[in-house]
S.K.: 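Below is one structure. I have some questions about it.
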Amino acid sequence: MGKHIVRLLGYLGILLLFASCANKKDIIDTEQPAVVEQGPAALVSTSSPFIFLDQEITLRFDLSKGNAALKGSSADLYLHAGLVPAAGGSWQNVATDWSKNDNAYKLKFVSPGIYTFTCVPSVFFDVNQSASFGQMALLIRNGDGSLVQRNRDNSDLFLPLMSGTEGIRFVSPVTQPTDPVLAEQDYTVGETVRLKVQGSHVGKVSLWDNGVKLAESSNVLSLEKAFILETDGVHQMEARLEINGKNVSTRMQLLAQKKPAIAALPAGINRNGVTIDRTKKQVSFALTAPSKKTVYLLGDFNQYKALPAYAMSQTPDGTSWWITLSDLDFSKNHTYQFLVDGQLLVADPYAGLVLDPQYDPGMGFKPVGLPTYPQGARGIVAVLDLTSASYPWKVNSFNKPAAGDLVIYELLLRDFVKDHQYNTLRDSLSYLKKLGVNAVELMPIQESEGNSTWGYNPSFHRALDKYYGSKNELKAYIDACHENGIAVILDVVFNHAFGQSPMVQLYFENGQVAANSPWFNTVARHPFNVGYDFNHESPFTQGFVKDMLTYWLQEYRVDGFRFDLSKGFTQKNSGTSENDLNTWNAYDASRIAILKQYQQHIRAIDPSCYVILEHLGGDEEEKELAQSGMLLWNNMNTVFNEAAMGWHANNGSDLGRLFATGHGMSGPAFVSYMESHDEQRLVYKCLNYGNAAGAYSIKNLNTALERMELSALFLLASPGPKMIWQFGEYGYDVSIDENGRTGEKPLRWDYLRQDRRRQLFGVYADLIRFKTHNPIFRDGRVAEAAVKDAIKYYLLEKDGQEVVVVGNFGVEEADFILPNALRTTWKSNFTANTFDWSQQNSIRLRAGTYLLLSKTKLNK
């Protein structure tokens with residue numbers, strides 16, 4: 001099923017439906033209305049009470065129901081549909097293409113939010129009448145697939161198909177198109193339920209509740225019964241039809257709820273997630289969910305049924321729900337989820353591992369030890385790990401590199417090694433060791449929507465993405481990094497969450513976050529938001545973020561965090577347009593206070609932990625954040641691209657913000673980079689848009705690679721921490737937009753067989769070793785600099801050492817007029833040469849030439 005759903009924001013929403021099927025000619029009442037309504041709340045109604053493969057059926061959709069993702073729409077909408085075998089399983093015979101907008105499956109517009117679709121199923125799905133299918137599976141999407149109508153519990157819509165000529169369906173209460181079929185209405189203990197069922201033929205009709213007969217009548221087409229719900233929990237309602245020695249039946253679940261027990265959270269139990277007491281053989285489960293009426297714990301231990309013994313207690317303040325189980329089997333792992341207010345199923349937001357029936361099948365493999373998706377469950381479930389052995393750490397005290405010495409290697413595991421696994425990534429450490437970097441920054445590895453993603457669409461901020469491997473495999477990678485002197489920085493996404501997030505789903509109405517959400521803003525406060533915007537002034541959000549940071553620090557021993565889109569941690573209205581930079585960059589004292597609070601929390605656990613912000617804000621705010629000890633991302637991509645390509649008009653290649661003075665700071669408290677996951681590759685730009693003069697052309701590969709050496713020198717020799725995007729060290733030249741901006745990119749390890757690219761790698765390795773072995777590159781003073789024109793230079797000083805960086809970014813040979821401070825004798829650090837400039841006024845530099853000179857030879 002999941003492999004047919006190309007993406008996207010997990011939507012909630014209960015789509016209200018009908019039930020079964022039968023041959024029109026066998027229905028006693030032949031005067032059928034144009035559409036058989038299921039009741040006032042029906043999202044889907046049909047032109048016949050039953051659906052046959054070989055007979056035309058019209059489906060009518062009221063898009064104000066369910067998750068209301070397409071409420072009031074007048075746009076072109078499309079059906080995504082397949083068949084499910086009678087024996088169960090995933091989608092088959094998919095008759096639509098998510099990437100194409102074909103008239104064959106375009107819905108007919110009736111009025112805003114009301115659409116219909118008419119087909120003969122056997123023709124539409126291209127199957128014969130004898131095929132054994134039990135359900136039609138449906139989704140409705142807009143033209144680009146960014147909005148999808150689905151069930152509130154994040155499941156697809158399922159419509160039952162007639163397998164023969166006899167059938168029976170529930171008319172009342174209204175049901176939902178879920179699997180299993182659920183009643184749409186909520187009930188409480190003591191309430192009267194009015195049941196009505198309809199058969200396809202006259203026969204003996206009976207009604208059952210959890211296996212107990214409620215009513216029976218012979219020679220009837222329909223049967224009605226009112227009964228009182230005397231017990232809480234799940235009621236499995238069944239309707240049976242006996243005719244001519246043949247028995248058919250249909251089922252529906254409804255839940256009767258009672259007021260929860262009010263009890264304080266016992267001492268020692270976490271307010272969220274699970275607390276395992278191996279001594280007492282007890283497991284406690286807790287969930288933050290203010291304003292909810294009831295919460296049941298469902299799991300493989302109760303066949304995913306909301307039974308009275310699994311009703312969770314509510315804390316006196318009304319914010320949390322909890323239960324302690326003493327009868328779990330500790331010899332195996334379990335799966336579980338929460339049923340909230342009788343309708344909404346969510347996995348544990350604090351789960352360390354989840355099973356996703358939508359996306360997991362699309363991984364193409366099953367990770368070793370991963371539990372099988374449990375029978376009886378719907379939607380995402382959490383895994384309760386009671387059996388895994390703890391990881392035996394080899395490095396228990398890692399001495400992190402000084403912040404100013406950092407050379408960070410940013411990588412996306414998906415696009416770095418072919419099998420995207422931690423074990424293979426660990427094997428690549430020898431490569432990074434040879435390059436000389438002392439930190440790795442992993443792009444988000446938390447569970448996100450889909451499999452092959454950048455990870456910036458998180459759904460579970462604590463769960464490890466199964467696509468990359470297991471918990472202990474990640475720990476083994478981090479441990480190996482530490483053995484090799486390499487710090488591990490984790491990219492974390494706390495600006496937003498996507499629709500599969502349980503915290504989004506818990507408070508979601510009419511296609512958007514509800515106003516009473518403890519965590520999210522109904523409307524994003526800034527124009528760069530994607531997904532659902534966290535409200536970082538909420539104590540619930542602050543508690544959640546701190547819990548997540550604690551977990552990754554203590555469980556995985558990461559050495560630092562890179563906060564994605566940290567400038568979004570604001571409740572000020574920061575504009576609605578990405579062009580409104582004045583509003584977006586305005587100083588926000590609340591945002592600074594929030595970030596400092598998170599930093600203080602981190603430092604209380606690990607005083608040496610790196611805190612890096614993708615802030616990209618105004619200098620006033622960044623300066624204050626830097627003074628507190630945080631590092632800021634410093635995006636130099638645009639100016640380095642212009643410099644590398646040989647374009648210098650209007651100071652377009654000004655590298656002045658490589659230096660602290662360019663930010664109004666006294667020291668380099670920023671991580672400078674010329675490429676990142678989010679920026680176009682320099683070599684690609686050079687090969688496609690490079691300047692030229694005579695025989696010298698930057699569009700020539702060898703010339704472009706020489707320009708990368710020149711650029712890397714100016715980046716890595718400037719004071720302060722630096723970052724390299726993966727494969728920049730050998731001139732990766734695949735466009736960021738190939739296969740879509742966030743799509744998979746081809747591996748180019750074969751490039752290292754090319755002499756010229758190996759030479760570039762060697763220059764990077766030399767520069768990194770100079771950087772990490774000479775303190776002048778940590779925080780040396782920039783004595784002089786001229787980095788706006790084609791010929792650029794800067795002079796560093798520290799503790800009697802001096803370093804000069806010179807390069808010609810132009811496309812023609814030119815004279816460099818030597819400043820007075822450079823008219824002395826220098827040692828070359830790439831050759832054995834000595835340059836005596838004491839009596840010279842200028843030197844001649846060919847295009848692309850670069851020099852790294854020092855008063856005394858640099859350590860390497």
Side-chain angles (χ1 to χ4, degrees), residues 1-6 15 17-27 32 35-36 43-61 77-108 115-141 145 148-151 155-169 175-181 199-201 241 246-251 357-358 361-362:
M1 172 178 66
K3 65 185 177 182
H4 304 299
I5 304 170
V6 175
L15 314 173
L17 174 64
F18 74 115
S20 285
C21 33
N23 194 319
K24 290 181 185 176
K25 65 182 184 339
D26 295 321
I27 302 297
Q32 295 294 332
V35 174
V36 179
L43 180 142
V44 183
S45 46
T46 61
S47 57
S48 172
F50 303 94
I51 303 177
F52 294 86
L53 270 174
D54 62 343
Q55 295 185 19
E56 184 176 275
I57 188 78
T58 295
L59 308 178
R60 178 180 181 273
F61 300 95
L77 301 181
Y78 299 87
L79 193 69
H80 189 56
L83 297 176
V84 177
S90 59
W91 290 36
Q92 296 182 10
N93 294 79
V94 176
T96 57
D97 185 334
W98 193 277
S99 63
K100 294 181 180 179
N101 296 334
D102 197 306
N103 286 332
Y105 40 86
K106 180 180 177 180
L107 300 185
K108 181 180 180 181
Y115 290 75
T116 62
F117 186 81
T118 301
C119 72
V120 176
S122 61
V123 176
F124 184 71
F125 294 104
D126 192 23
V127 296
N128 59 49
Q129 188 176 352
S130 63
S132 181
F133 290 103
Q135 296 171 314
M136 288 175 60
L138 310 173
L139 290 171
I140 302 168
R141 64 170 176 85
V148 183
Q149 190 89 18
R150 60 170 76 241
N151 285 323
S155 64
D156 306 335
L157 298 90
F158 295 97
L159 310 183
L161 285 169
M162 282 288 285
S163 58
T165 59
E166 296 84 13
I168 190 166
R169 71 182 186 114
T175 58
Q176 305 172 37
T178 51
D179 184 16
V181 174
S200 59
H201 299 74
L241 171 65
K246 188 174 182 180
N247 297 290
V248 293
S249 67
T250 189
R251 293 182 177 183
Q358 179 176 335

S.K.: Looking at CZ of F61 and CD1 of I140, how far apart are the two atoms once the value is rounded to the nearest 0.5 Å?
M.R.: 4.0 Å
S.K.: To the nearest 0.5 Å, what is the distance between OG1 (T96) and CG (D102)?
M.R.: 9.5 Å
S.K.: If you define the side chain from C-beta out and look only at heavy atoms, does anything of P49 sit under 4.5 Å from R169?
M.R.: yes
S.K.: Could you tell me whether the side chain of R150 reaches within less than 4.5 Å of the side chain of D156, counting heavy atoms only?
M.R.: yes
S.K.: Give the minimum heavy-atom separation between S90 and P85, together with the two atoms involved.
M.R.: O-CD, 3.7 Å
S.K.: Of all the heavy-atom pairs spanning P180 and T178, show the shortest one and how long it is.
M.R.: O-OG1, 2.7 Å
S.K.: Quick one: CZ on F125 to CG on L83, what's the gap to the nearest 0.5 Å?
M.R.: 4.5 Å
S.K.: Considering non-hydrogen atoms only, spot the tightest contact between Q149 and L43 and give its length.
M.R.: NE2-CD1, 3.4 Å
S.K.: Using atom types as modelled and distance alone, determine if a side-chain donor or acceptor of S122 lies under 3.5 Å from a backbone N or O of L53.
M.R.: yes
S.K.: Between E166 and V248, which heavy-atom pair has the shortest distance, and what is it?
M.R.: O-CG1, 4.0 Å
S.K.: Partners of K106 by salt bridge (charged side-chain N to carboxylate O under 4.0 Å, His left out), sequence neighbours excluded?
M.R.: D76
S.K.: Once rounded to the nearest 0.5 Å, what's the spacing between atom CE of M162 and atom CG of D54?
M.R.: 10.5 Å
S.K.: With side chain to side chain contact (heavy atoms under 4.5 Å, CB included) as the test, pick out the partner of L159 among I57, T46, L59.
M.R.: L59
S.K.: For the OH atom of Y115 and the CG atom of L107, what is their distance to the nearest 0.5 Å?
M.R.: 7.5 Å
S.K.: Name all residues meeting the side-chain hydrogen bond (donor to acceptor under 3.5 Å, both in side chains) criterion together with D97; count only those two or more places apart in sequence or in a different chain, and write none if there are none.
M.R.: S99
S.K.: Tell me the closest heavy-atom pair linking A137 and V84, and the distance in Å.
M.R.: CB-CG2, 4.0 Å
